[in-house]
Structures are given as C-alpha cells and as structure tokens.
Amino acid sequence: MNITELLLDFHIQENAATARADELRHQIAHFTAALAETEVRLADLATTRKIIAELVPTGTEPDPPESSTAYHAIVDAFNQHPDQAFRARELHELLDMPTDEASVNITRSRLGRLTHQGFLAQPGRGRYQKRT
C-alpha cells in the first residue's frame, strides 16, 4: 500500500466517522427534546396531584390504585411468597391465570424482564424467586 492509498483510506474512514457523529448528534437532539417534553409533563402531573391532594378532606384516605396488571399480580405473588421459587405454570395456577402454552410463554417473558431488572432471581433453570 502506498501513501496515496493510505491517505485515501483515512479520508474514507474520516468521512464515515463524521457521518456517524452527525447521526449521533441528531439523535441526542431528538432525545433531549423528548426528555424536556417528558419532564414538563412530569411536573404538570406532580402539580395536579398536589392540588387534588389539597382538595381531599383531611382524614380521608384516597383509594389505592388498582393493581390489576399482570406485572403487579406477578410481583405481588412473589412478595407474598418471598422464599418460594416458582415455575411460570405454577405461578399461573397460583394466580388463577389461564394455563395454555401461549399465556404461560408470555409470563415467562415477563419473568425474564423482571429478572433482568433485578426484581427476581433465577435459582434454577425455569425457576424464579424474589431477589433477597
């Protein structure tokens, strides 16, 4: 390889790196704008919650939020049985959920996500337990 070819190769690499940097700058600008919008929404929600809490008469407790989502049901089951390891199908039976293969596979995916997020541990293959 001679000097001309080497310089041409460096020029091509530089152009590619410049294009990638421009793409990343564009993504950063997009994410920064999305973050700013989300923070404004978050502040609005916090203000609304505070105003509504001030309007609630003293001594009354607001109703607890519904925990009907599948994730809440799963986490609640592990909180109620912190030392017990479950298989997905056993969890379905405990929670009176359908035990067809498709439903159980969806729960397996949810259990995997909860494990990756650190809520659950996997003491054995296909078994899940509350992380201690």
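Because the structure is a prediction, the values reported are computed rather than measured. Numbers here are sequence positions counted from 1.
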query = Going hydrophobic residue to hydrophobic residue with side-chain gaps under 4.5 angstrom, can you get from Val104 over to Tyr128?
reply = no

Q.
If you apply the rule side-chain contact (heavy atoms from CB on, under 4.5 Å), what do you find for Thr4 with Leu8, and how did you get there?
A. CA-CA 6 Å; Thr4 304; Leu8 180 60; 5.7 Å; no

* Side chain proximity check, Asp22 to His26, heavy atoms < 4.5 angstrom -> no

Point to revise | Pair His72-Val75, side-chain contact (heavy atoms from CB on, under 4.5 Å): steps then yes or no | key: CA-CA 5 Å; His72 284 130; Val75 171; 5.9 Å; no

For Gln122 and Gly126, the nearest pair of non-hydrogen atoms, with its separation, is NE2-N, 3.5 Å

Glu90 vs Arg127 side-chain heavy atoms within contact, under 4.5 Å: yes

To the nearest 0.5 Å, atom OG1 of Thr107 lies from atom CE of Met97 at 4.0 Å

Any side-chain donor near an acceptor of the partner, Gln13 and Asp9, under 3.5 Å: yes

Quick one: are the ring centres of Phe78 and Phe86 less than 6.0 Å apart? yes

Residue set satisfying side chain to side chain donor-acceptor pair (under 3.5 Å) with Asp44, at least two apart, ordered chain then number -> none

When rounded to the nearest 0.5 Å, the distance separating CG of Leu35 from CD1 of Ile28 is 12.5 Å

Does CG belonging to Leu6 count more than 12 external heavy atoms closer than 6.0 Å? yes

Self-check item: Under 3.5 Å donor-acceptor, Gln129 side chain and Asp83 backbone
Solution: yes

Non-hydrogen side-chain atoms of Leu7 and His11 separated by less than 4.5 Å: no

Within a strict 4.5 Å, meaning less than it, do heavy atoms of the His81 and Leu94 side chains meet?
yes

Checking the side chain of Arg131 only, and the main-chain atoms of Phe119 only, is there a donor and an acceptor separated by less than 3.5 Å? no

*Could you tell me whether the side chain of Thr69 reaches within less than 4.5 Å of the side chain of Ile74, counting heavy atoms only?*
no

If you define the side chain from C-beta out and look only at heavy atoms, does anything of Ser103 sit under 4.5 Å from His92? yes

Show, in sequence, the C-alpha distance, side-chain angles and deciding distance for Glu54 and Arg49, and conclude whether the salt bridge (charged side-chain N to carboxylate O under 4.0 Å, His left out) test is met.
CA-CA 9 Å; Glu54 289 173 2; Arg49 181 183 45 77; over 6 Å; no

Query - Any side-chain donor near an acceptor of the partner, Tyr71 and Arg113, under 3.5 Å - result: yes

Rounded to the nearest 0.5 angstrom, the CG-CZ distance for Leu114 and Arg110 is 9.5 Å

**Full working for salt bridge (charged side-chain N to carboxylate O under 4.0 Å, His left out) between Arg108 and Glu101** = CA-CA 10 Å; Arg108 282 188 187 104; Glu101 197 60 31; 3.3 Å; yes

